[in-house]
2 protein chains.
Amino acid sequence: MLNESPSLDRVFHALADSTRRAMVERLALRPMSVSELASPFAMSLPAVMQHLAVLEESGLVRSHKAGRVRTCRIDTETFGLVERWTADCRSEWEGRLDKLEDYVNTLKGQQK
Amino acid sequence: MLNESPSLDRVFHALADSTRRAMVERLALRPMSVSELASPFAMSLPAVMQHLAVLEESGLVRSHKAGRVRTCRIDTETFGLVERWTADCRSEWEGRLDKLEDYVNTLKGQQK
DNA sequence: GGAATACTTAAGTGCATGCTTAACGAATCA
DNA sequence: TGATTCGTTAAGCATGCACTTAAGTATTCC
């Protein structure tokens with residue numbers, strides 16, 4: 001299993017906060033400005049900016065500024081990191097279960 | 001999108017630490033005792049126990065004790081939570097891109 | 001029974017995280 | 001030009017996290 005720990009640390013940590021996940025869910029609907037993104041959250045704008053910084057450092061979100069407006073969008077490529085890691089773990093485990101099943105079947109065959 | 005925040009918080013937080021991810025990767029190979037699980041890590045056993053507690057509370061790992069040995073195994077069902085959430089975000093986003101593409105194609109058609 | 005094994009609990013420490021308020025900067029509008 | 005809007009920076013604070021060491025508690029082995 002390939003070890004991309006530093007970025008996986010960042011990605012999972014970014015997603016471990018429900019405010020940040022809600023921000024990602026909002027940005028999955030469409031790109032939006034910082035203040036529009038912030039509007040449903042009962043916290044100060046600097047707090048939202050800090051969450052946004054965490055999301056950007058993780059690679060889950062990108063943004064660019066035009067005039068005084070910063071527009072944010074999600075970057076689905078980074079979601080691939082998460083999906084790949086979990087799928088790798090799962091397939092390793094399920095492959096093992098299959099081999100175990102084969103082994104049990106072999107034993108059953110020998111008993112006859 | 002269904003909001004399973006409390007458990008998603010726990011699951012993502014559990015996976016945000018490289019030691020805990022390495023523990024999960026080890027347990028994906030096969031179930032093992034606490035001390036075997038702990039053996040490759042350069043930290044005290046209590047530290048490993050604390051990581052294990054986080055993993056168990058998240059539902060990613062289960063364990064049971066027989067005699068003085070506690071055996072740990074991963075629970076792939078909980079991985080489904082992660083996979084579902086990320087897939088939901090991705091499909092929401094990609095659905096939007098498709099609709100945008102349709103719209104662009106409509107405009108192109110109108111130009112002719 | 002006594003020693004070794006396999007965990008478990010408790011308490012403490014230093015650093016990271018998630019906020020806050022209070023300014024400040026820069027683009028747009030009247 | 002002056003006011004407003006949109007975002008940014010800085011500083012501070014309470015809480016949480018990832019460890020540590022030290023001292024337990026059951027089991028199993030000899």
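Numbers restart at 1 for each chain; the letters A, B, ... are given by sequence-line order, proteins then strands. Every heavy atom of this structure was used, including side-chain atoms; hydrogens, water molecules and symmetry mates were not.
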B:Ser58 side chain vs B:Val11 backbone, donor-acceptor pair below 3.5 Å: no

Close N or O pairs between protein and nucleotides 25-29 of chain D (under 3.5 Å):
| unit_1 | atom_1 | unit_2 | atom_2 | d |
| --- | --- | --- | --- | --- |
| D:dT27 | O2 | B:Arg68 | NH1 | 3.0 |

Atom-to-atom span, CZ of B:Arg10 to P of D:dG16 - whole angstrom: 14 Å

Ring geometry between B:Phe12 and A:Phe12 (parallel below 30°, tilted from 30 to 60°, perpendicular above 60°): tilted

Contacts of type side chain to side chain contact (heavy atoms under 4.5 Å, CB included), residue A:Ala53, not counting sequence neighbours: A:Glu57

Which residues share a side chain to side chain contact (heavy atoms under 4.5 Å, CB included) with B:Arg73, sequence neighbours left out: A:Trp93, B:Pro31, B:Arg62

Sequence-distant partners of A:Leu29, side chain to side chain contact (heavy atoms under 4.5 Å, CB included), two or more places apart: B:Glu92

Distance, rounded to the nearest Å, where B:Phe12 contributes CZ and C:dT17 contributes P: 18 Å

Heavy-atom closest pair, residues A:Glu25 and B:Cys89: CG-SG, 4.2 Å

Transitive ILVMFWY side-chain link A:Val54 to A:Leu45, under 4.5 Å: no

Pairs under 3.5 angstrom only: tabulate donor-acceptor contacts from the side chains of residues 32-42 of chain B to other protein residues two or more places apart or in another chain.
| unit_1 | atom_1 | unit_2 | atom_2 | d |
| --- | --- | --- | --- | --- |
| B:Ser33 | OG | B:Glu36 | N | 3.2 |
| B:Glu36 | OE2 | B:Arg30 | NH1 | 2.8 |
| B:Glu36 | OE2 | B:Arg30 | NH2 | 2.9 |
| B:Ser39 | OG | B:Glu36 | O | 2.7 |

Minimum heavy-atom distance A:Gly59-A:Asp75, with the two atoms named: O-CB, 3.4 Å

Which protein N or O atoms sit under 3.5 Å from an N or O of nucleotides 18-23 of chain C?
| unit_1 | atom_1 | unit_2 | atom_2 | d |
| --- | --- | --- | --- | --- |
| C:dG18 | OP1 | A:Arg20 | NH2 | 3.1 |
| C:dG18 | OP2 | A:Arg20 | NH1 | 3.2 |
| C:dC19 | OP2 | A:His51 | NE2 | 2.5 |
| C:dC19 | N4 | A:Gln50 | OE1 | 3.1 |
| C:dC19 | N4 | A:Gln50 | NE2 | 3.4 |
| C:dT20 | OP2 | A:Ser44 | N | 2.9 |
| C:dT20 | OP2 | A:Ser44 | OG | 2.6 |
| C:dT20 | O4 | A:Gln50 | NE2 | 3.3 |

Protein-nucleotide distance (B:Glu56, atom CD; C:dC7, atom C1'), rounded to Å: 13 Å

All side chain to side chain contact (heavy atoms under 4.5 Å, CB included) counterparts of A:Ser63, not counting sequence neighbours: A:Glu56, A:Arg70, A:Cys72

Nucleotide C:dA11, atom C1' - distance to CE of B:Met49 in whole Å: 16 Å

Pairwise P distance for C:dA23 and D:dC6, with rounding to whole Å: 22 Å

Distance in angstrom units between B:Phe41 CZ and D:dA18 C1', rounded: 14 Å

Axis bend over the full length of the helix from C:dG1-D:dC30 to C:dC24-D:dG7, computed from five pairs that close each end, to 10 degrees: 30°

side-chain hydrogen bond (donor to acceptor under 3.5 Å, both in side chains) involving B:Arg20 - partner list, sequence neighbours excluded: B:His51

Whole angstrom value for the distance that separates P of D:dT5 from CD of A:Glu36: 17 Å

Nearest-angstrom distance from the residue atom CZ of A:Arg70 to C1' of D:dT5: 16 Å

Separation of atom NZ in A:Lys65 from atom P in C:dG25, rounded to whole Å: 13 Å

